Amino acid sequence: MFLILDALAAGEGRRLSSLDVIGAGPRLLAGILERFNLEYEILRIEDFIRIGRKFKGVALVSAMTMDEPAVSRASKLIEGVKILGGPITSDLSSVKRLGFDLGVWGEGEISLESLLIRGLSDGIIPDIGGIPNIILPNGRTEFRYLSREEFMKFEPSTRAIKYYRTVPHYRSSRVYVEVQRSCSNFYRPRLIASPDICRGCQSLCSEICPQNIPPGCGYCSIPSLYGPPKSRSEESILREIEELAIAGVRRFVLSGADFLEYGRDLISTPLTNPRDPGPNLDAIDSLLSKVKGLAERYSFFFEIENVKPCLVNEEVAYTLSKYLKGTPIHIGVETGDPDHARLIGRPCSPEDSLRAIKILKKYGLRPYAYFIHSLPGQSERVAKKTLEMMRAVYDAGAEKITIYRFKPLPGTAFQDFEVKVDRNSRMISDLAIDLNRRRKEELLGKIMEVIVAPKTGRYCYAYPINGGPVVRLNRGLRAGSVVKVRIKRVISDRMVEGIVI
């Protein structure tokens, strides 16, 4: 028996955010097991810990770096073979530290398939010689990225979605469907680079860096873990969405580090330039038009997530608006200082981000803006420019400002930096709270269509169909119900209260 533990965003064993999110990773593992006709079960790691029953078999745990406390607790309940995967293994020592038999680094599809062929399907740890991306407690095999052809061999399970019957319940959650993987930003953070070497470098920030600086923004591990971007086939994406819709999913996110990367790898390979070529609008238009057709047939809502601001222009916004008008789109700004943006490896300037927000707003889309406080190189001058930029994106119509605290992630250029939350960081955080609360107050008296989540604790909550803040309801309703509410009160910068009408 195989057990897939979904620890993504579980933290210490209780999800504090993204309560309505179901990621694609665990379903991808399930899809591989189904190809071998193997029995499995999927559990959210907090449910596994709460049940507290020992498991004997093969456990596949998918987690992020932040989820180490929950993974540590769950590991003690597993008496069979334990395999750890996901971004958490970018810290190679996590496998031994958490008591796992094996880990999988980066892209694990070929690795899991090879392990199953060699004997893991019978519950034993096989010979790992020649299998890529395997981490042992005291060593590793060769690390490599998947080719696009290898990537497209594997499809996530759609049957597996029905294991998500607690919170988040699949009938009310945003279910992520991976359409492309990784990011084309292979620039390096100048903060830790030698200017002399950079001036004479002929690599042009491609896959090879003579200073061995990981590619991408200094706080992000995506390019180093997954390599240049690659897109799934349109047929595979549409098949997955239709099967999930038939199963009862009503909210989809077309997932990727940057949706505008979709199809760019068909124009240029390997794709290591974040600005050139521009988006493949033919591929994007074709995919979105067909997903829109499925949405009309099965009555579901879909959205995309992140877009790189330097790839946004009028033509892009027009194309997106044909299918996504009225939906949120996330734009990374991170810092308000253009010099700081270059130092941390950003491929786009703050002005690029502001311009993109204005264009998207013009075409009826709902931009959300990301910022990060306490980044390396954050000075008082940088903080003041960031505060100015936050006000500018708010005035430009950004519906939400999301603030993250910098976290040094293993495998990134900034992995060895300490987090220093100072007065400047607190000013950035406080302004975000104030601006977001003001935006919520604009919702007072308005009517929203929401989908009800399973009741947790004292209250019943719902999520806006078209995206927006969590809505606390004035009475309990069946999970998965779609109802209209009138917004009565702002509870916090993240939540409002609604009356069912």
Side-chain angles (χ1 to χ4, degrees), residues 87 90 105-107 143-148 151 180-231 256-280 306-313 316 331-335 337-353 355-356 370 372 375-378 382 406 408-417:
S90 55
W105 179 88
E107 300 178 290
F143 290 169
R144 71 172 179 86
Y145 305 129
L146 299 188
S147 66
R148 184 169 186 265
F151 172 58
Q180 69 82 218
R181 181 177 293 174
S182 201
C183 172
S184 63
N185 180 23
F186 274 69
Y187 294 168
R188 266 68 177 184
R190 297 300 180 96
L191 190 65
I192 62 172
S194 163
D196 292 336
I197 295 177
C198 285
R199 276 193 292 270
C201 179
Q202 300 301 311
S203 73
L204 301 177
C205 287
S206 64
E207 292 182 77
I208 307 296
C209 173
Q211 300 182 69
N212 294 318
I213 300 173
C217 304
Y219 49 83
C220 177
S221 61
I222 288 175
S224 60
L225 278 176
Y226 305 115
K230 40 193 170 275
S231 306
D258 174 9
F259 181 77
L260 296 183
E261 302 275 28
Y262 180 73
R264 285 183 75 217
D265 53 311
L266 303 180
I267 302 172
S268 176
T269 303
L271 188 59
T272 57
N273 188 320
R275 304 182 74 99
D276 185 52
N280 186 338
N306 305 313
V307 296
K308 205 178 273 86
C310 55
L311 293 178
V312 173
N313 56 34
V316 166
I331 291 280
V333 188
E334 322 306 8
T335 176
D337 186 291
D339 294 330
H340 189 225
R342 284 189 290 272
L343 287 174
I344 62 177
R346 292 283 298 157
C348 316
S349 70
E351 284 300 322
D352 286 332
S353 300
R355 176 188 53 80
Y370 289 126
I372 304 176
L375 280 163
Q378 177 186 287
V382 167
F406 164 67
L409 297 176
T412 66
F414 293 163
Q415 66 177 4
D416 296 324
F417 280 77

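All values reported here derive from a predicted model rather than from experimental measurement.
The environment of CZ in R190 is sparse: at most 12 heavy-atom neighbours from other residues, nucleotides or ligands sit within 6.0 Å.
Shown here for L191 and G377, the closest heavy-atom pair between the two residues is CD2-N, 4.2 Å. Nearest heavy-atom pair, V316 versus P279, reported as atom, atom and distance to 0.1 Å: CG2-CG, 3.7 Å. Here the closest non-hydrogen pair linking A356 and I331 is CB-CD1, 4.0 Å. Shortest non-hydrogen contact noted between A257 and C183 is CB-CB, 4.2 Å. H340 and L375 get closest at one heavy-atom pair: CE1-CB, 4.0 Å.
Contact of the C201 side chain with the P210 side chain is registered, since non-hydrogen atoms from C-beta on lie closer than 4.5 Å. Residues W105 and L225 are in side-chain contact: their nearest non-hydrogen atoms beyond the backbone lie under 4.5 Å apart. T335 has its side chain out of reach of I372: every pair of non-hydrogen atoms, C-beta onward, lies at least 4.5 Å apart. In this structure, the side chains of Y370 and E334 come closer than 4.5 Å at one or more pairs of heavy atoms. By the 4.5 Å heavy-atom criterion applied to side chains, F406 and Q378 are not counted as neighbours. The closest side-chain heavy-atom distance from S90 to Q415 is not below 4.5 Å. You'll find the side chain of P87 reaches within 4.5 Å of the side chain of Y226, heavy atoms only.
Put simply, CG on N280 and OH on Y262 are 8.5 Å apart, with the number rounded to the nearest 0.5 Å. Atom CZ of residue R264 and atom OG of residue S231 lie 10.0 Å apart, to the nearest 0.5 angstrom. Between I192 atom CD1 and F414 atom CZ the span is 6.0 Å, to the nearest 0.5 Å. Here the SG-CG distance, from C348 to L311, works out to 6.5 Å after rounding to the nearest 0.5 Å. Atoms CD1 and SG, from I344 and C220 in turn, are 11.0 Å apart once rounded to the nearest 0.5 Å.
Qualifying side chain to side chain donor-acceptor pair (under 3.5 Å) partners for R181, counting only residues two or more places apart in sequence or in other chains: E107, E109, E178. When the side chain to side chain donor-acceptor pair (under 3.5 Å) test is applied to N313, no partner is found at least two apart in sequence or on another chain.
Y145 places a side-chain N or O within donor-acceptor distance of the main-chain N or O of S224, the cut-off being under 3.5 Å. A side-chain donor-acceptor contact under 3.5 Å links Q211 to the backbone of S194. When atom types are taken as modelled, the side chain of E261 and the backbone of S182 share no donor-acceptor pair closer than 3.5 angstrom. Using modelled atom types, no side-chain atom of R346 and backbone atom of P338 make a donor-acceptor pair closer than 3.5 Å.
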Could you give the side-chain donor-acceptor pairs of residues 266-275 under 3.5 Å, partners two or more places apart or in another chain?
from : atom 1 : to   : atom 2 : distance (Å)
T269 : OG1    : D265 : O      : 2.6
N273 : OD1    : R275 : N      : 2.9
N273 : OD1    : D276 : N      : 3.1
R275 : NH1    : P347 : O      : 2.8
R275 : NH1    : D352 : OD2    : 3.4

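Applying the side chain to side chain contact (heavy atoms under 4.5 Å, CB included) test between P189 and each of L343, T412, I213 identifies I213 as the sole match.
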